Amino acid sequence: MSAVSLTALRAALEGAIPSEIATCDAQGIPNVSVISDVHYVDTDHVAISYQFFSKTRANILANPHATVLLKHPNTCAQYRLQLTYLRTELAGPLFETMRAKLAGIASHEGMSGIFHLLGADIYHVNGAEIVRGDLLPLPPPHAPLLAALRQTLPKLRAARDLDGLVASLLAALRSEFRLPHVMLLMADDACDRLYTVASQGYPESGVGAEILPGQGVIGVAARERTPIRITHATRDYLYGRAIRDALRASPMAAQLETEIPLPGLPDSGSQIAVPILDGTLLLGIIYAESPEAGRFGYDEEDALMILAAEAAAAMRQMAAEADDNVTADDLATSTESGTPLLVRHYPADDSVFIDDEYVIKGVAGAILWFLLSEHARSGRVEFSNKELRLAPQIRLPEFSENLEARLILLRRRLAERSQVLALDKAGRGRFRLNLSRPVQLIEP
Amino acid sequence: MSLDPVVLALLAGPVAISVAGRNAELCPSVAHAYGCRTLEGGKLIRVFVLREETRQLLADINANGEVATVYSDVRSFRSVQIKGQDARIVPFDTADVQQRLAHGRITADELLALGYPSALAHGYFSVPAKADFVTIEFAPRDVFRQTPGPGAGDKLGKGAKLDHSHDDKAGAA
C-alpha cells in the first residue's frame with residue numbers, strides 16, 4: 001500500500017461505485033456505512049453528502065476521525081482515505097455542486113426523490129493510500145484535454161471581437177474537446193437572466209432562448225458561479241417543459257424570451273455547465289451535454305473552467321477596447337425592390353415580427369427596431385456600435401460587452417428567420433443592414 | 001445471538017461486504033471482504049479478507065476485538081450491519097475457501113445480470129493468484145437495518161424487520 005495524492009484518485013470520487021465510510025463512537029464501537037458520494041474539494045479536502053441523520057453522522061460529531069474505502073469505477077483499484085471531519089456547509093457553491101451530482105447519482109440508482117442533500121460535510125484528508133492497484137486498464141480519454149487547451153487558448157487570445165471569440169470557442173469545443181453538443185449563453189446582469197448567443201449540435205439553434213438563474217444545470221451554475229456537472233441526467237435538473245410553463249406564468253414573462261425554446265438532447269446522458277467569470281461578475285455560461293452517461297469528469301470540468309477563464313479574460317479585454325470612436329458617417333444606401341416586408345414592433349416588450357412571424361424581443365428587438373426606423377428615416381444602412389450604446393430607446397444594460405453579444409444574437413436570429421433582412425459586419429465596431437426588399441414599419 | 005433467517009439469506013446472497021475496526025485513539029479502519037460464512041444459525045460469522053489489504057484492520061481487531069460489518073445486496077441495496085466485540089483473526093480454512101469462491105461467483109453473476117461488463121463484474125471480487133486470506137470470526141452482538149433511507153441504522157430485533165420497506169433506498173451515510 002502506498003501513499004498517493006488525492007487529486008490522482010479523483011476518478012474514484014465520481015459516485016459511480018458506492019464507497020464505504022467507517023467511523024467510531026465515543027464508546028469505541030465502530031460503524032461502517034455505504035455512501036453514495038465522496039466529493040473532491042481540493043488536494044487536502046473532500047466533502048461527503050449528508051442526507052439524513054445517521055449513526056455515521058452522530059459518530060463524526062462526537063469523534064471526527066473517519067476512514068473511507070473507494071473503488072475506481074473502471075480499473076477496480078481500491079483506495080483508502082484517512083479523514084478528519086471539519087464542518088458542514090448548508091448552502092453555497094459546493095453544496096449546489098454536490099446537490100446536482102447527487103441528483104444524477106440518485107437518478108442512476110433509481111432513487112430520485114429519496115436522495116436529498118441536507119449538507120456537505122467537509123473533511124480534511126490526512127492521508128490517501130492505494131489498497132490495490134489497477135486490475136483493468138483505464139479506457140482511453142475522449143479527448144486529450146491538455147493538448148486541446150494548448151491548441152485553443154492562443155486562438156481565444158487572438159480573437160479580435162466577441163464574434164470571433166464565440167466562433168473560436170465553439171469550433172474548439174467541437175474539434176479539440178470532442179464535444180458536439182454545446183451552447184454558449186451570456187449573462188445580462190442588469191436583467192438577471194442568461195440568453196443563448198450560439199449553439200451547435202442541435203436541430204434548432206435556440207439562439208435568443210433565455211434562462212433565469214437557478215433553473216436547470218445552467219441556471220444553478222449561473223446563480224452559484226460554480227461548475228455544475230451531472231453524470232447521469234435527471235429530471236430534477238433538466239430545463240424542461242415545466243420550467244418553461246413556470247416562466248410563462250411568472251410576473252417577468254413579458255420581459256422574458258419564452259417563444260424561443262432552449263435546445264437540448266432528448267436522450268441527454270450527462271451535462272456540464274461552467275461559468276465564465278470576471279472576478280465574481282458572471283459573464284456567461286459554457287454548457288455541454290452528451291447522450292453518454294458519465295461523459296464529464298473532474299478533468300473535463302477543469303479543462304472547461306480553464307477555457308472559461310480564458311474566454312473571460314478575452315471578453316474583459318474587448319470590453320476595455322470597446323470604447324471606439326467610430327461613428328456612422330457613411331451614408332451608403334441599399335437597393336431594395338419587391339413587395340414591402342411588414343415589420344411590426346410592440347413597444348411593451350420590444351418584440352418584433354417580420355411578416356407576422358415572431359423574430360425577437362427585448363434588447364435585441366429594440367436594436368432591430370432602432371436600425372429599421374433609422375433606415376426608414378434616413379436611408380442609412382451602416383451603423384456603429386457606439387451610436388447603439390448611446391441610443392436611449394435601446395435601453396442597453398450597463399456592461400458594454402452586452403451590446404456585442406446582443407448583436408451576435410440578433411445577427412444569428414435574423415439569419416435563421418429571414419431571407420431578406422440581415423446584419424453583416426462592416427469593420428471594427430460597425431455593421432451593415434442588408435435589405436433585399438423595402439420595409440414597411442408598423443407600430444400598433 | 002442467532003440471526004433471523006432473512007438476514008442469513010441476505011448474507012448468503014450476492015452482497016458487497018465491508019469490515020471496520022478501530023484503534024486505541026478511536027480512529028477507524030476499513031476494508032473490503034471477499035465473502036462470509038455463518039456458523040450455528042448465525043451464532044458466529046466469519047468474513048474473509050486479504051492480509052495485505054487489511055494490516056491496520058487486523059492490528060485493530062487483534063488489539064480490541066471491536067468489529068462492524070456491512071452486507072449490501074448488489075441488486076436491491078438491502079443491507080444489514082452486524083457488530084461484534086469479540087472478533088479474532090483465525091486461519092482461512094477449507095470451508096472458507098469454498099465459500100469465498102462461491103460468493104465471488106454469485107456476486108459477479110449478479111453484476112453481470114445487472115449489465116456490468118464482464119471484466120468489471122469479475123474484477124471487483126478477483127484476488128491475486130497467491131492471495132493470502134485470513135478470516136475474521138466474531139459473534140454477532142447487534143444487527144442493524146442498513147438499507148439506505150429512513151430507518152437505516154435501526155436495530156433489528158423484536159418488532160423491527162429487515163424488510164421495512166422495499167422502497168427504502170437512499171444514502172445511509
Side-chain angles (χ1 to χ4, degrees), chain A residues 1 17-38 48-59 62-63 65-69 71 73-78 80 82 84 102 105-106 109-111 113-117 121 126 131-132 135-137, chain B residues 16-32 50 52-57 60-61 64 66-70 72 74 77 79 81 83 85 116-117 119-128 141-142 144 146-154 167-173:
Chain A
M1 281 172 276
I17 306 286
S19 311
E20 282 96 30
I21 185 169
T23 56
C24 183
D25 68 14
Q27 287 69 49
I29 298 175
N31 190 80
V32 60
S33 184
V34 177
I35 47 176
S36 42
D37 186 23
V38 183
I48 295 177
S49 59
Y50 157 38
Q51 297 166 44
F52 43 82
F53 200 78
S54 64
K55 182 63 178 167
T56 294
R57 189 155 174 81
N59 283 359
N63 166 21
H65 303 301
T67 303
V68 162
L69 190 65
K71 299 179 193 77
N74 305 114
T75 71
C76 298
Q78 280 183 33
R80 201 153 32 213
Q82 308 294 338
T84 303
L102 186 65
I105 295 168
E109 305 287 358
M111 294 186 181
I114 298 170
F115 280 3
H116 288 297
L117 191 65
D121 288 338
N126 307 315
V131 177
R132 64 192 267 187
L135 290 181
L136 302 171
Chain B
I17 306 170
S18 39
V19 191
R22 57 89 179 168
N23 67 11
E25 286 74 46
L26 306 188
C27 285
S29 46
V30 63
H32 177 67
L50 282 172
E52 66 175 22
E53 294 181 357
T54 52
R55 301 217 176 266
Q56 183 61 48
L57 174 69
D60 292 346
I61 284 175
N64 57 53
E66 289 283 355
V67 70
T69 56
V70 160
S72 186
V74 297
F77 300 98
S79 310
Q81 174 150 207
K83 296 185 184 184
Q85 52 191 164
Y116 282 76
L120 281 179
H122 291 99
Y124 291 126
F125 303 98
S126 67
V127 294
R141 185 191 57 196
D142 290 308
F144 304 88
Q146 203 70 32
T147 305
D154 288 356
D167 296 328
D168 278 359
K169 296 175 178 179

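Letters A, B, ... are given to chains in the order of the sequence lines, protein chains preceding strands, and every chain is numbered from 1. Here the structure is a predicted model, which is why all the values come from computation and not from measurement.
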Please list all pairs meeting salt bridge (charged side-chain N to carboxylate O under 4.0 Å, His left out) that have one or both residues in residues 19-34 of chain A, counting only residues at least two apart or in different chains.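 As it turns out, the salt bridge (charged side-chain N to carboxylate O under 4.0 Å, His left out) pairs with a partner in residues 19-34 of chain A, which skip direct neighbours, are Glu20(A)-Lys71(A), Asp25(A)-Lys55(A).
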
Contact summary for [X] and [Y], nearest pair of heavy atoms:
X: Pro73(A); Y: Tyr124(B); answer: O-OH, 3.4 Å
X: Pro28(B); Y: Thr23(A); answer: CG-CA, 3.8 Å
X: Ala31(B); Y: Arg80(A); answer: CB-NH1, 3.9 Å

side-chain contact (heavy atoms from CB on, under 4.5 Å) partner of Val32(A), the single match among Val67(B), Val19(B), Thr69(B), Val30(B):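 Checked Val67(B), Val19(B), Thr69(B), Val30(B) against Val32(A); only one passes side-chain contact (heavy atoms from CB on, under 4.5 Å): Val30(B).
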
Segment of [X] engaging chain A (4.5 angstrom heavy-atom cut-off):
X: Gln85(B); result: neither
X: Gln81(B); result: side chain
X: Ala24(B); result: neither
X: Ser126(B); result: both

Taking the side chain as everything from C-beta on, heavy atoms only, tell me whether [X] gets closer than 4.5 Å to [Y].
X: Phe77(B); Y: Val34(A); result: no
X: His32(B); Y: Leu69(A); result: yes
X: Arg141(B); Y: Ile29(A); result: yes

Taking every heavy-atom pair that is under 4.5 Å apart, which of Gly21(B), Pro117(B), Pro128(B) has the most such pairs with chain A?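 Looking at each of Gly21(B), Pro117(B), Pro128(B) in turn, Gly21(B) comes out on top.
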
Please round to the nearest 0.5 Å and tell me the distance separating atom NE2 of His65(A) and atom OG of Ser29(B).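 Taking NE2 in His65(A) and OG in Ser29(B), the distance rounds to 13.0 Å.
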
Of the listed residues (Ala26(A), Cys24(A), Pro30(A)), which shares the most heavy-atom pairs with chain B below a 4.5 Å separation?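 Looking at each option in turn, the highest pair count goes to Pro30(A).
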
Heavy-atom pair count under 4.5 Å with chain B, highest-scoring of Leu135(A), Leu136(A), Asn59(A), Asp121(A):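 The option with the most such pairs is Leu136(A).
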
Chain B heavy atoms under 4.5 Å from Asn31(A): which part of the residue, side chain, backbone, both or neither?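 Both backbone and side chain.
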
By side chain to side chain donor-acceptor pair (under 3.5 Å), which residues pair with Asp37(A), not counting sequence neighbours?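 So Asp37(A) forms a side chain to side chain donor-acceptor pair (under 3.5 Å) with Lys101(A).
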
